[in-house]
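Notes follow once the structure below has been shown.
Order of appearance sets the numbers: ligands from 1, and atoms from 1 within every ligand. Heavy-atom basis, side chains included; hydrogens, waters and symmetry copies ignored.
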Amino acid sequence: QLQAYDPARAAEPLPPVSPEEWERRAREVLADGPFGYVAGGAGAEDTMRANRAAFARRSLVPRMLRDVSRRDLGVELLGHRLPAPVVLAPIGVLGILHAEGELAPARAAAAEGVPFVLSTVSSVPMEQVAAAMDGVRAGAPRWFQLYPARSRDVMASLVARAERAGYTAVVVTLDTTMLGWRETDLRNRYLPFLQGQGLANYLSDPAFRALLPVPPEQDPRAAVQAFLGTYVHPGFSWDDLAFVRASTRLPLLLKGILHPDDARRALDAGVDGVIVSNHGGRQVDGAIGALDALPAVVEAVGTRAPVLMDSGIRRGADVLKALALGARAVGFGRPYAYALAAAGEAGVRHALRCLLADLDLALGLCGQASVADVDASLLA
Ligand code: FNR
């Protein structure tokens, strides 16, 4: 931060330091379709706004005269020590934003020791993403996000591949058993999957290939249709979840939990953590802001498992507010996608470092030496 203020370096263009600036840069370099796909939400985007409003409605009350000369952003999560209470949230089809797709943010996360959550619908197969991360730092933390599919064989196969490739947790996203009503994408007639984007894990999967009458290389359009009919599943139920639970010994997290009763039932079903999220307001317009849903879920879960949250995290203060309401860690989403579009791996790494630097300052300036000590007493 002090380097950035140095007038001697004023000639060097300062990379964006705010998520809004990254969004503007992304808008400049992306076509309407891909930009709208990232920026848009469901319906009137009320829930997207509710996510931010929930942060704005809460205030930190900084404490003074406490020694904060040494600060610790580290947290324990699923038996691992993380450098900060932050993961890169799963975002699909990153190939529409940058030629390197998921490889760029995965490497950036690896360099910072922050877990990268790879989407089911990535543009690069999960094994290649894992290898790229290991190239930066052997065993760099990575989780695999699983969309509930119509085929149990495909789900089991994807999970087994993730285990073999060194992913250390499986995140099952529950809020996208169908795609939400996304007016921007409808207006742009833009759905990346229809152009064959985001199918890398499926096309490379033996269980999916076994469902096809001919190999995808021979009939790519038929493969896209088969993918669209398989990759999400509105019939997904607690029974199916039990199948996924039984298919792996990796920790299982459920993403998209908003109701405390679902959180309780999830724990009874043997999951290891829940992620409070409304998918960045992309699924149910009118749904509760994610931060507003957090306290009741935290209360329901108690000490049984960690609760994470995403949807609306933009700055350090947002992370602090989520932690104060009981989240163990948060997911950083759209801002890193914009940084990827505008500046690739270096952009994502810079955006992530800015978030962590901002968090470190906010923590110390609030009179807290450790994120592990942050609790509701930090809020008005
Ligand atoms: C997402 N998100 C998402 N989640 C998931 O589990 N699997 C996925 O493939 C995707 N894909 C995806 C694409 C795009 C373009 C966006 C913006 C989001 C949801 C993501 O993990 C996270 O919940 C939201 O991004 C959080 O909202 P904010 O903070 O980014 O607004």
Salt bridge between Glu217 and Arg209, side-chain N to carboxylate O under 4.0 Å? yes
Are Ser311 and ligand 1 in contact, using a heavy-atom cut-off of under 4.0 Å? yes
Starting from atom 8 (C) of ligand 1, which protein heavy atom do you reach first, and at what distance in Å? Tyr147 OH, 3.0 Å
Parallel, tilted or perpendicular: which one describes the rings of Tyr147 and His279, with boundaries at 30° and 60°? parallel
Mind running side chain to side chain contact (heavy atoms under 4.5 Å, CB included) on Leu267 and Val301 for me, showing each step along the way? CA-CA 8 Å; Leu267 296 175; Val301 168; 3.8 Å; yes
Atom 4 (N) of ligand 1 [closest protein heavy-atom partner, distance rounded to 0.1 Å]: Lys255 NZ, 3.0 Å
Does the salt bridge (Lys or Arg N to Asp or Glu O under 4.0 Å) test come out yes or no for Arg9 and Glu12, once each step is laid out? CA-CA 6 Å; Arg9 299 182 58 167; Glu12 301 171 27; 3.2 Å; yes
At the 4.0 Å heavy-atom cut-off, does Gly331 count as touching ligand 1? no
Going by heavy atoms, is Met48 under 4.0 Å from ligand 1? no
Heavy atom to atom 18 (C) of ligand 1, shortest distance: which of Met309, Arg282, Arg314 holds it? Arg282
Run the salt-bridge test on Arg142 and Asp134 with the 4.0 Å N-O cut-off and return the result as yes or no. yes
Do Leu254 and Ile275 have side-chain heavy atoms sitting under 4.5 Å apart? no
Nearest heavy atom to atom 1 (C) of ligand 1: which of Gly333, Pro90, Gly256 does it belong to? Pro90
How far is atom 30 (O) of ligand 1 from its nearest protein heavy atom, and which residue and atom is that? Arg334 N, 2.7 Å
